[in-house]
Amino acid sequence: MSDKEASDFPTQQAVACGFCRGNNDVNWFCKSCSGSICNTCKMSHLTIPVFKNHIVVPRTNYVMRLYGPSKIAEQCQIHPEKEISTYCNDCQVPCCATCQVTKHKKHDISTIEDAYLSAENRLNDNVKELEKDVIPKLEKMAAKTKKRRSEKREQIDLVREEVNNFRNEMKHAVDESCDDLIEKLEHNSIEPDDLDAQKAKIHEMIKELNAIIHKGDLGMIKFFPPSPSTFIPEVSTPNLTIPVFTPRRNVLAVIKERIGTIEWTEFNSESKYTPSLTTNFGPSIININKIISFSSNIDGTSITTAGNNTAWVMNSDSNTMYLYESSGKVVRSVTVKGSHGIKGMVIRRSGEMIVSCTDSKVRRVSSSGEVTTLIDTSPFRPYGVCLNDREAFVVCMSDQGERNHVALYSPDTGRKLLEIRGMNGRGKQQITYPYCVASNGKDLCVVNVNPNHIVCVDERGYVRWLYDGKDAILTKSVYLCGVSVDKYNNLLVTDYNNECVHYIDREGMLIQIILTQEQNGLSRPRGICVDDKIGHLWVGSASQNVIIYKYLS
């Protein structure tokens, strides 16, 4: 080994003697002490009986490389007057003789030169591995990545062209639709002028009458009418129609949200997946796995989450509602005496419950179970109930007649604030038999029984959209029962007949059918609710079972 290779080690430089601490003529190295020695101390070192068997050699580069102290810390950091001579394998730190017999007593100790050479060998092996294996792999990966980036750039250009083509198709479709509407306007703007026709007939009659009068004989007597009203023709006002343009509900918002998505995926070794424009809008947030199913011994007509992984389950023909844990254990029950059946229930932030009952009463149930009547809804029977964004409670009302509606009540006094019948732009009532209701921000989503559809109204009571399930293309006619809203403002609606759940966005568009009988074992679903805090979906059924699913990821 040449001196050049060992030039990092100090030999004739100003190095302190390990014994006298001087730095003159430090030309020797004691292998036994692992310390540098000056000329003077070298003479005395070998004369001391305890050191007489020590091996003292010239302090050369080669000797220092094999036996010298660490280049990083030649002197002990704890005992600066001592040189590092050993290495603690247990603590993985270099140490001096004092540290060895104090802090590292009974530890696995090796000489500093052995530790240094071992570390040097490991580092050399690492360098060889990096040069032999890692660098070639990186170069290969770099070339492959460069190729894939080029392919990605090409694919991005293709998808951009696809998006632009789709944009042009959309524009063309919009232009065609608008041109068709304008053509119909122009076609219907040409109407026959009835007034001109009537005026022409009257002028002709005047001409005939003047001719008779001018003739002046007795023949004109037979033209004399018994009264002017039987002779003079009636002039009718023409029936004019004016056009009214009714754009599709929130069409711009729907287009922005549903126009399509770009999906990305990683390359694999078998084939290259190309990102493409898709109109499949199934949400990635849905992650449904069955957690547990348990018997509730009642039809789960209505379910309301109560926090702490619990939910209230009730049946419209029962006076008692039960609080279940997710394990299926009944925590407690509350009986509303004389209610003739509980139709719906909602929990306020204070923990107080608002319960609608068949006996035309809406009642308060305190957290301790005390029941008091809040309002009397006679002659209407209350059904589903919910809270809006201002925590006013909303109740579905029915008197089996044409006055059915949804009513808003003050959360404190129970005073009626608003009646909502869901009138559309033509003045037709859409809420004809409200069964249950859920709040979706400032909107209310009402399950209407006859006809069976979802009616969404804004805070003023105007209809925003209707959903009848026809887009789902199911084998049976839909029978929508329960409704719940998740944290994404999407609706989950149970379908009793088709034994599934409709997943609908806040604009009334069907996203997809989830929780089917075939895939998830759903049977005759009724009540449904989402516990957003822990991502659980509770579904009750007419089969007297409650199923809990892991819903939100």
Side-chain angles (χ1 to χ4, degrees), residues 242-258 343-344 346-349 354 356 362 374-375 377 379-399 401-469 480 482-493 502 504-510:
I242 59 174
V244 176
F245 176 57
T246 304
R248 296 296 183 185
R249 62 179 184 274
N250 302 310
V251 65
L252 294 179
V254 173
I255 288 176
K256 288 179 181 178
E257 185 177 358
R258 298 301 181 211
K343 293 298 183 181
V346 68
I347 303 175
R348 301 179 63 185
R349 296 189 186 97
I354 305 296
S356 59
V362 175
L374 180 62
I375 57 174
T377 62
F380 298 96
R381 175 182 294 179
Y383 283 85
V385 60
C386 75
L387 299 175
N388 69 3
D389 60 333
R390 300 183 183 89
E391 213 181 13
F393 57 93
V394 184
V395 186
C396 297
M397 296 291 190
S398 174
D399 67 346
E402 296 180 354
R403 297 190 301 160
N404 297 345
H405 62 278
V406 173
L408 272 69
Y409 292 89
S410 167
D412 300 316
T413 64
R415 180 175 61 89
K416 183 182 287 188
L417 303 175
L418 182 65
E419 285 188 7
I420 296 176
R421 289 181 168 78
M423 311 302 288
N424 64 12
R426 299 180 181 179
K428 184 176 179 180
Q429 182 173 338
Q430 301 298 315
I431 298 177
T432 55
Y433 201 136
Y435 179 73
C436 63
V437 59
S439 176
N440 189 10
K442 295 185 179 300
D443 296 338
L444 295 176
C445 301
V446 183
V447 177
N448 194 74
V449 174
N450 188 21
N452 188 223
H453 55 216
I454 304 292
V455 184
C456 179
V457 296
D458 61 21
E459 59 184 346
R460 298 171 298 173
Y462 296 139
V463 175
R464 291 192 60 240
W465 50 261
L466 299 177
Y467 176 80
D468 56 11
L480 307 177
V483 60
S484 184
V485 179
D486 66 19
K487 64 182 180 180
Y488 299 97
N489 289 321
N490 294 325
L491 277 69
L492 297 105
V493 187
H502 298 239
I504 308 166
D505 72 7
R506 67 176 307 165
E507 299 301 327
M509 304 291 290
L510 174 67

Between the side chain of Asn448 and the main-chain N/O of Thr432, is any donor-acceptor distance below 3.5 Å?
yes
Output for pair (Leu491 CG, Tyr467 OH), nearest 0.5 Å, gives 10.5 Å
Taking atom CE of Met509 and atom CG of Asn490, what is their separation to the nearest 0.5 Å?
12.5 Å
Kindly indicate, with the supporting measurements, whether the criterion side chain to side chain contact (heavy atoms under 4.5 Å, CB included) is fulfilled by Val406 and Val455.
CA-CA 11 Å; Val406 173; Val455 184; over 6 Å; no
Side-chain donor/acceptor of Asp389 to backbone N/O of Lys442, under 3.5 Å:
no
Arg421: which residues meet the salt bridge (Lys or Arg N to Asp or Glu O under 4.0 Å) condition with it, sequence neighbours left out?
Glu419
If you take all heavy atoms of Arg348 and Pro411, which pair is closest and at what distance?
NH1-O, 3.0 Å
Is there a donor-acceptor contact under 3.5 Å from the side chain of Asp468 to the main chain of His453?
no
Nearest-0.5 Å distance that lies between atom CG in Leu387 and atom OH in Tyr409
14.5 Å
Please step through salt bridge (charged side-chain N to carboxylate O under 4.0 Å, His left out) for the pair Arg464 and Asp458, ending with a clear verdict.
CA-CA 7 Å; Arg464 291 192 60 240; Asp458 61 21; over 6 Å; no
Within the 4.5 Å heavy-atom criterion, are Val385 and Val362 side-chain neighbours or not?
no
Shortest non-hydrogen contact between Tyr383 and Tyr435, atoms and distance
CB-O, 3.3 Å
Exam field: side chain Ser356 to backbone Gly344, donor-acceptor pair closer than 3.5 Å:
yes
As an exercise, state the distance from CG of Asn489 to CD of Glu507, rounded to the nearest 0.5 Å.
10.0 Å
Output, in order, the C-alpha distance, side-chain angles, deciding distance and verdict of side chain to side chain contact (heavy atoms under 4.5 Å, CB included) for Asn404 and Ile431.
CA-CA 7 Å; Asn404 297 345; Ile431 298 177; 5.8 Å; no
To the closest 0.5 Å, what do you measure between CG (Leu374) and OG1 (Thr413)?
8.5 Å
Please give me the minimum heavy-atom distance between Val437 and Val483, naming the atom from each residue.
C-CG1, 4.1 Å
Short side-chain to backbone donor-acceptor contact, Arg506 and Asp443, under 3.5 Å:
no
CG (Leu418) and CD (Glu459) are apart, to the nearest 0.5 Å, by 10.0 Å
Of all heavy-atom pairs between Met397 and Thr377, which one has the smallest distance, and what is that distance?
CE-CG2, 3.2 Å
Without swapping roles, check the side chain of Trp465 against the backbone of Ile454 for a donor-acceptor pair under 3.5 Å.
no
For atom NZ of Lys416, is the number of surrounding heavy atoms from other residues, nucleotides or ligands below 6.0 Å larger than 12?
yes
Taking side-chain contact (heavy atoms from CB on, under 4.5 Å) as the criterion, tell me which of Ser439, Cys396, Cys436 meets it with Cys386.
Ser439
Which heavy atom of Val463 sits nearest a heavy atom of Gln430, and at what distance?
CG2-CG, 3.9 Å
Locate the shortest heavy-atom distance separating Gly414 from Ile375; write the atom from each residue and the value.
O-CG2, 3.2 Å
